There are 4 protein chains.
Amino acid sequence: MRKSKTSLIFQAAIDIFSEKGFDKATMDDIAARANVAKGTIYYHFKSKEELFLFLVEEGIELLREGVESKLLPEMPPREKLELIVREQIHFFGQYRDFCVILLRESWGGEDRQREFRKMIRSYMLLIEEVIKEGMDTGVFQRVNAEYAAAGIFGMISIAALHILLGHAPYDEEVLFTDMKRMAFTGLLTE
Amino acid sequence: MRKSKTSLIFQAAIDIFSEKGFDKATMDDIAARANVAKGTIYYHFKSKEELFLFLVEEGIELLREGVESKLLPEMPPREKLELIVREQIHFFGQYRDFCVILLRESWGGEDRQREFRKMIRSYMLLIEEVIKEGMDTGVFQRVNAEYAAAGIFGMISIAALHILLGHAPYDEEVLFTDMKRMAFTGLLTE
Amino acid sequence: MRKSKTSLIFQAAIDIFSEKGFDKATMDDIAARANVAKGTIYYHFKSKEELFLFLVEEGIELLREGVESKLLPEMPPREKLELIVREQIHFFGQYRDFCVILLRESWGGEDRQREFRKMIRSYMLLIEEVIKEGMDTGVFQRVNAEYAAAGIFGMISIAALHILLGHAPYDEEVLFTDMKRMAFTGLLTE
Amino acid sequence: MRKSKTSLIFQAAIDIFSEKGFDKATMDDIAARANVAKGTIYYHFKSKEELFLFLVEEGIELLREGVESKLLPEMPPREKLELIVREQIHFFGQYRDFCVILLRESWGGEDRQREFRKMIRSYMLLIEEVIKEGMDTGVFQRVNAEYAAAGIFGMISIAALHILLGHAPYDEEVLFTDMKRMAFTGLLTE
DNA sequence: TATGAATGAGCCTTCATTCAT
DNA sequence: GATGAATGAAGGCTCATTCAT
């Protein structure tokens, strides 16, 4: 038996939570998927809430670190932003279910939701820094960097989910081309 | 007695659903907020699900019609898109709670969620049409209009929500300026 | 408008109660079937219980009076019993739904159920009297007349319902022949 | 702790269901009677319906098997029928509450009721077989065996219940004597 | 470590009954 | 006489959590 119980549960939780969302998912579901007794989950995680929080934390960290590790200091801002766009699109394709969770569970006034937004914010900050750098070096126009970062994150996220949850195949290349164009030059020809 | 029970319930439902989300909201909550007996809700709406669906339908319709009625056929596409950006930003400020609901409950595989995405799609189509018109007349670059529409909708939505749920005041003018710039010319100075 | 509201409700109640039984039937069902407002029922009957009681009373009275009026004093007991058997079989065929109600709602410790059994007992007494008369004149064997009356009532009732609720057609003639034989000579050939 | 929770619940369910009938009985009632939490019932039985079905299944099986196991192939049909009459009377005395349930809940068009009638039919078939055997060997008169079986079952059932729910004591011996006489020779002296 | 039986608070929904019109 | 909107008590069922083993 290679897998520890903890990671079995973790994997099962991702499956179930993304399939059903936080509220509709039950600990029974997760236990069954992980092939452990329900009590065992409580041995490894304090509560449903904690399990969920842990899971989302890991997910966002995966996205943030994945992008951050590829952002080399010497890259020009333009290249950095291009990389972010590409990576986020790729991440959404790869972790579709997690992304559904993220977009679903981050809005509202509960502590958990505030917590999630904080995590997302830590990712947005990456974008924000790049935008600021670009503005400072004169390659980017002057905008409110926070708004712009949120906008770019949202643009990619919603477009990606729109496709992933629709019927069309998820063509990363086309999506990347269009999202890059929108972010860089906008729609106007002139 | 000015207010009909139905509209009392309707208002209370918006409050509660946006505060707690569909699953956590209870019919008791809504009844209490509306100052009616729980049974009264069921006299006017068949179920929690139906009440919710009705509410979201109305909300999206309000957004869509509000925008559509202002889009005059003779406007140039550029002006149309500008109007859309402005209106959507205004709508989010005005119906913050409803918008939280919308962004929260539209992702996932349940029928209800699929239904919501269809409604959102009907709004996105407005944007899509304008983009297509712009591409045809040569003022907009050639992109996948569906992706672009989803992207613009997402950009505005997430940026708006980001502010609305944060601590800063919701400055529509600034947000409008930046979102318009992003949509039209993108970030690059050149 | 020939029909009084009262009788409209009465008819609807028979339909609904026999279709669904006392507990599953709702006042809404009955009101809808009778094409009156729900409040109207309460104008004519004090409660669901009372409506039901009234209805069962009428039904049993119909059976009892129907039989009693045909039992002429000068008939020999044997002929009387034969008539009872025939009439009860006919009644079950004609008022199948009501008979279902009767057999369904008469057993248990509630007041209503006790009341129903009293009504049934008033019918059984007809049978009991005939049996006693037959024993007195020597044409019937000596048995506990009360038990025998209950037995005959049950034999016909259950056999009739068995057929009526099964798939076979309700052949009154065959049933009558067999029930009469069982009651008069039993199964033994000798 | 001798009693398993399951059998505690089972016993409580018999009590409550026979006291109040299927519809009026509540899971709260049963839980209270069994001294378990309501959730515990649902841990052992999927639903109220299933609990009830299980209970009735067991009961009829008890009756059927009890009788069947005593019916030796070499017995003459007359002796077999006598045994059936005796056993059924005994069973009704012993499981009065269950018998109330049975007679109460078997009539109507719901699936559950149809299911119950099927179970009862399996018992009636025992009687039917004996009657057919008797007709074949010439000791019983020729009748519709199905009707006759239903009739005998009903005769005993209703007579037994009539006594059990009345005020008189349940004298099995007298009842047996009379029911046997009715089944074998009928009421006529000649 | 791991289990799974047991718990009980909480939720959606139904429906007999009332009452202002 | 008649209506139907409104009520609120009650019931079936779910599920996160606990705990004895």
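Here is how names work: the chains are called A, B, and so on, in the same order as the sequence lines, proteins then strands, and each is numbered from 1. In this text the structure is predicted, and so the values were computed from the model without any measurement.
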Qualifying ring pair (Phe, Tyr, Trp, His ring centres under 6.0 Å) pairs, either residue in residues 25-47 of chain A, two or more places apart |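 Passing the test, one end in residues 25-47 of chain A: A/Phe45-A/Phe54.
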
Flag if over 12 foreign heavy atoms under 6.0 Å of NZ, C/Lys118 =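 Incorrect, the count does not exceed 12.
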
Does A/His44 place a side-chain N or O at less than 4.0 Å from the phosphate oxygens OP1/OP2 of E/dT1?
->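 No, A/His44 has no side-chain N/O under 4.0 Å of OP1/OP2 on E/dT1.
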
Protein heavy-atom contacts under 4.0 Å, written 5' to 3' over nucleotides 7-14 of chain E as B (base), S (sugar-phosphate only) or - (none), form the string BB-BSBBB

Anything under 3.5 Å between a donor and an acceptor, one on a side chain of residues 29-39 of chain D, the other on a protein residue two or more places apart or in another chain? List them.
from, atom 1, to, atom 2, distance (Å)
D/Asp29, OD1, D/Thr26, OG1, 3.3
D/Asp29, OD2, D/Lys20, NZ, 3.4
D/Asp29, OD2, D/Thr26, N, 3.2
D/Asp29, OD2, D/Thr26, OG1, 3.1
D/Arg33, NH1, D/Asp15, OD2, 3.2
D/Arg33, NH2, D/Glu19, OE2, 3.4
D/Lys38, NZ, D/Asp28, OD2, 3.2

Once you round it to whole Å, what is the distance between [atom2] of [N] and [atom1] of [X]?
{"X": "C/Leu8", "N": "F/dG1", "atom1": "CG", "atom2": "P", "result": "14 Å"}
{"X": "D/Glu50", "N": "F/dC13", "atom1": "CD", "atom2": "C1'", "result": "13 Å"}
{"X": "A/Ile30", "N": "E/dT3", "atom1": "CD1", "atom2": "C1'", "result": "17 Å"}
{"X": "A/Phe52", "N": "F/dT17", "atom1": "CZ", "atom2": "P", "result": "14 Å"}
{"X": "A/Phe45", "N": "F/dT17", "atom1": "CZ", "atom2": "C1'", "result": "16 Å"}
{"X": "A/Phe17", "N": "F/dC15", "atom1": "CZ", "atom2": "P", "result": "13 Å"}

Residues two or more places apart in sequence or in another chain: which of them pass salt bridge (Lys or Arg N to Asp or Glu O under 4.0 Å) with D/Arg104?
->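 So D/Arg104 forms no salt bridge (Lys or Arg N to Asp or Glu O under 4.0 Å) with any residue.
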
Salt bridge (Lys or Arg N to Asp or Glu O under 4.0 Å) partners for C/Arg96, two or more places apart |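 Checked C/Arg96 against salt bridge (Lys or Arg N to Asp or Glu O under 4.0 Å); zero matches.
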
With a 4.5 Å limit on heavy-atom distance, are the side chains of D/Arg117 and D/Ser106 in contact?
->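 Yes, their side chains come closer than 4.5 Å.
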
Would you say the ring centroid of A/Phe52 lies under 6.0 angstrom from that of A/Phe116?
->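 Yes, ring centres under 6.0 Å apart.
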
Treat a base pair as Watson-Crick or G-U wobble with both distances under 3.5 Å, then lay out DNA chain F in dot-bracket form, 5' to 3', with | for cross-strand pairs.
-> .||||||||||||||||||||

Salt-bridge test for A/Glu115 and A/Arg112: reply yes if a basic N is under 4.0 Å from a carboxylate O, no otherwise.
->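 A/Arg112 and A/Glu115: not salt-bridged.
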
